Amino acid sequence: MEAVTTAHEYIEHHLTFLTVGHGFWSLNIDSMFMVWVLGLLFIGVFKYVVSHGTSGVPGRLQCFIEITYEFVNNLVKEIFQTRSKIVGPLALTIFVWVFLMNMIDLIPVDFVPALARALGFEHFRDLPSADVNVPMSMALGVFILIIGYTLKTKGLVGFIKELTTQPFEHPLLYPVNFVLELVTLISKPISLGLRLFGNMYAGEMIFILIALMPWWMQWALSVPWALFHILIVFLQAFIFMVLTVVYLAMATEEH
């Protein structure tokens with residue numbers, strides 16, 4: 001494996017995925033690995049708290065999990081008025097899972113690549129939410145749920161009417177309505193996924209650029225940026241979760 005010597009090579013090395021295959025059929029193994037590991041961590045911790053929970057004085061971990069659950073549950077009740085057994089668990093899963101993925105960005109940028117090299121891998125990009133495939137695949141799943149909830153609530157005829165009779169009521173303008181509503185419908189998952197990807201990719205790039213500076217500037221800039229980035233990590237998980245619930249609520253509205 002060649003050593004990284006220039007700033008361009010350093011940036012390119014940190015932004016290159018561990019990939020198998022070529023073109024459309026290529027797979028980013030590092031992103032898939034991190035998504036699975038963080039997903040299993042999420043399930044394992046929550047299952048442990050549920051099985052070892054106490055009705056008395058809770059421990060710190062149980063208290064944190066309960067606060068997170070109540071926070072998401074109250075938010076879902078305010079936004080999603082229809083009874084559903086899926087939306088609440090879905091919102092909790094999205095919030096915690098995306099938050100864990102985003103938190104990886106706070107690990108020093110050279111730590112994971114150095115560990116990967118020690119294990120024999122030339123490249124390993126550890127931030128899955130900065131891989132456009134991960135946010136967009138999650139957004140695609142949300143989009144499928146939006147279509148499913150719309151068809152379940154309004155039926156196929158109601159769905160077609162929703163796409164053709166708004167915002168203009170004249171029958172001659174139904175084709176115009178269809179184009180406008182179709183663009184609005186498709187833009188939901190695209191904006192949902194790209195918003196998360198763009199923010200996390202930008203945050204990762206800033207950490208990489210700071211790592212190229214002299215050591216004394218790294219300490220002066222990385223700590224304040226890391227503290228600010230904690231807010232971004234939380235907000236992006238929160239926004240992805242809230243917009244998912246909002247879109248599903250809109251899909252179940254009669255009007």
Side-chain angles (χ1 to χ4, degrees), residues 21-28 31-32 35 39 72-99 101-102 128-203 232 235-255:
H22 300 280
F24 178 80
W25 300 107
S26 62
L27 294 175
N28 296 335
S31 295
M32 295 180 63
V35 165
V72 175
N73 187 52
N74 293 335
L75 196 64
V76 170
K77 286 181 178 179
E78 292 180 4
I79 300 174
F80 196 86
Q81 303 298 325
T82 308
R83 293 179 59 87
S84 174
K85 296 181 179 180
I86 298 177
V87 176
L90 174 67
L92 180 64
T93 301
I94 288 176
F95 177 71
V96 178
W97 203 7
V98 174
F99 180 78
M101 285 191 281
N102 294 348
S129 51
D131 179 0
V132 68
N133 298 285
V134 174
M136 290 306 298
S137 61
M138 296 179 68
L140 178 61
V142 173
F143 181 69
I144 294 173
L145 285 174
I146 292 173
I147 301 299
Y149 267 82
T150 303
L151 293 175
K152 179 182 178 181
T153 305
K154 305 167 186 178
L156 180 60
V157 175
F159 186 32
I160 295 175
K161 286 183 177 180
E162 191 175 71
L163 293 176
T164 56
T165 60
Q166 303 177 65
F168 307 111
E169 298 181 359
H170 198 283
L172 293 178
L173 295 176
Y174 283 179
V176 178
N177 292 339
F178 178 75
V179 173
L180 293 176
E181 291 297 320
L182 189 62
V183 170
T184 302
L185 182 65
I186 296 176
S187 67
K188 290 179 180 179
I190 295 177
S191 63
L192 187 65
L194 291 183
R195 180 185 293 105
L196 175 60
F197 161 72
N199 280 275
M200 299 313 300
Y201 181 85
I232 297 177
L235 282 178
Q236 290 308 310
F238 176 78
I239 290 171
F240 200 101
M241 180 262 294
V242 168
L243 288 180
T244 298
V245 179
V246 168
Y247 291 155
L248 293 178
M250 292 171 62
T252 58
E253 290 179 350
E254 292 296 333
H255 179 63

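On a predicted model such as this, the values are computed, not experimentally measured, just so you know.
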Ignoring hydrogens, what is the shortest heavy-atom contact between [X] and [Y]? Give both atom names and the distance.
X	Y	value
T164	Y174	O-CD2, 3.0 Å
L248	I146	CD2-N, 3.8 Å
I86	P89	O-CD, 3.3 Å
P128	M101	CG-CG, 3.6 Å
S129	P135	O-CG, 3.4 Å
A139	P189	CB-O, 3.2 Å

Next on the checklist: Test side-chain contact (heavy atoms from CB on, under 4.5 Å) on V142 and L243; report intermediate values, then the result.
Outcome noted: CA-CA 10 Å; V142 173; L243 288 180; over 6 Å; no
Item to check | Residue pairs fulfilling side chain to side chain donor-acceptor pair (under 3.5 Å) with at least one residue in residues 133-147, sequence neighbours excluded | outcome: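 Side chain to side chain donor-acceptor pair (under 3.5 Å) check on residues 133-147 returns D131-N133.
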Item to check | Qualifying side chain to side chain donor-acceptor pair (under 3.5 Å) pairs, either residue in residues 81-92, two or more places apart | outcome: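 Qualifying pairs: S84-Y149.
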Item to check | Contacts of T244 that satisfy side chain to side chain donor-acceptor pair (under 3.5 Å) - sequence neighbours left out | outcome: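 Testing T244 for side chain to side chain donor-acceptor pair (under 3.5 Å), a comparison that skips the adjacent residues, returns none.
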Checklist entry - Which residues pass the side chain to side chain donor-acceptor pair (under 3.5 Å) test with N177, sequence neighbours left out? => result none
So how far is it from [X] [atom1] to [Y] [atom2], rounded to the nearest 0.5 Å?
X	Y	atom1	atom2	answer
M241	T93	CE	OG1	11.0 Å
E78	N73	CD	CG	10.5 Å
L140	L145	CG	CG	10.0 Å
F80	L90	CZ	CG	10.0 Å
T165	E181	OG1	CD	8.0 Å

Next on the checklist: One pair to check against side-chain contact (heavy atoms from CB on, under 4.5 Å): N102 and M200. What are the steps and the verdict?
Outcome noted: CA-CA 7 Å; N102 294 348; M200 299 313 300; 3.6 Å; yes
Checklist entry - Between S191 (side chain) and K188 (backbone), is there a donor-acceptor pair under 3.5 Å? => result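 A pair under 3.5 Å: yes.
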Item to check | Partners meeting side chain to side chain contact (heavy atoms under 4.5 Å, CB included) with I79 (sequence neighbours left out) | outcome: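 Result, side chain to side chain contact (heavy atoms under 4.5 Å, CB included) vs I79: L75, V242, V245, V246, A249.
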Item to check | Full working for side-chain contact (heavy atoms from CB on, under 4.5 Å) between L192 and F143 | outcome: CA-CA 10 Å; L192 187 65; F143 181 69; over 6 Å; no
Next on the checklist: For M136, I'd like to know if atom CE has over 12 heavy atoms of other residues, nucleotides or ligands within 6.0 Å.
Outcome noted: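 Yes - once you tally the heavy atoms of other residues, nucleotides and ligands closer than 6.0 Å, there are more than 12.
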Checklist entry - CZ of F178: more than 12 outside heavy atoms within 6.0 angstrom? => result no
Item to check | Steps toward side-chain contact (heavy atoms from CB on, under 4.5 Å) verdict (W97, V35) | outcome: CA-CA 8 Å; W97 203 7; V35 165; 3.2 Å; yes
Item to check | Qualifying residues under ring pair (Phe, Tyr, Trp, His ring centres under 6.0 Å), relative to Y201, sequence neighbours excluded | outcome: F197
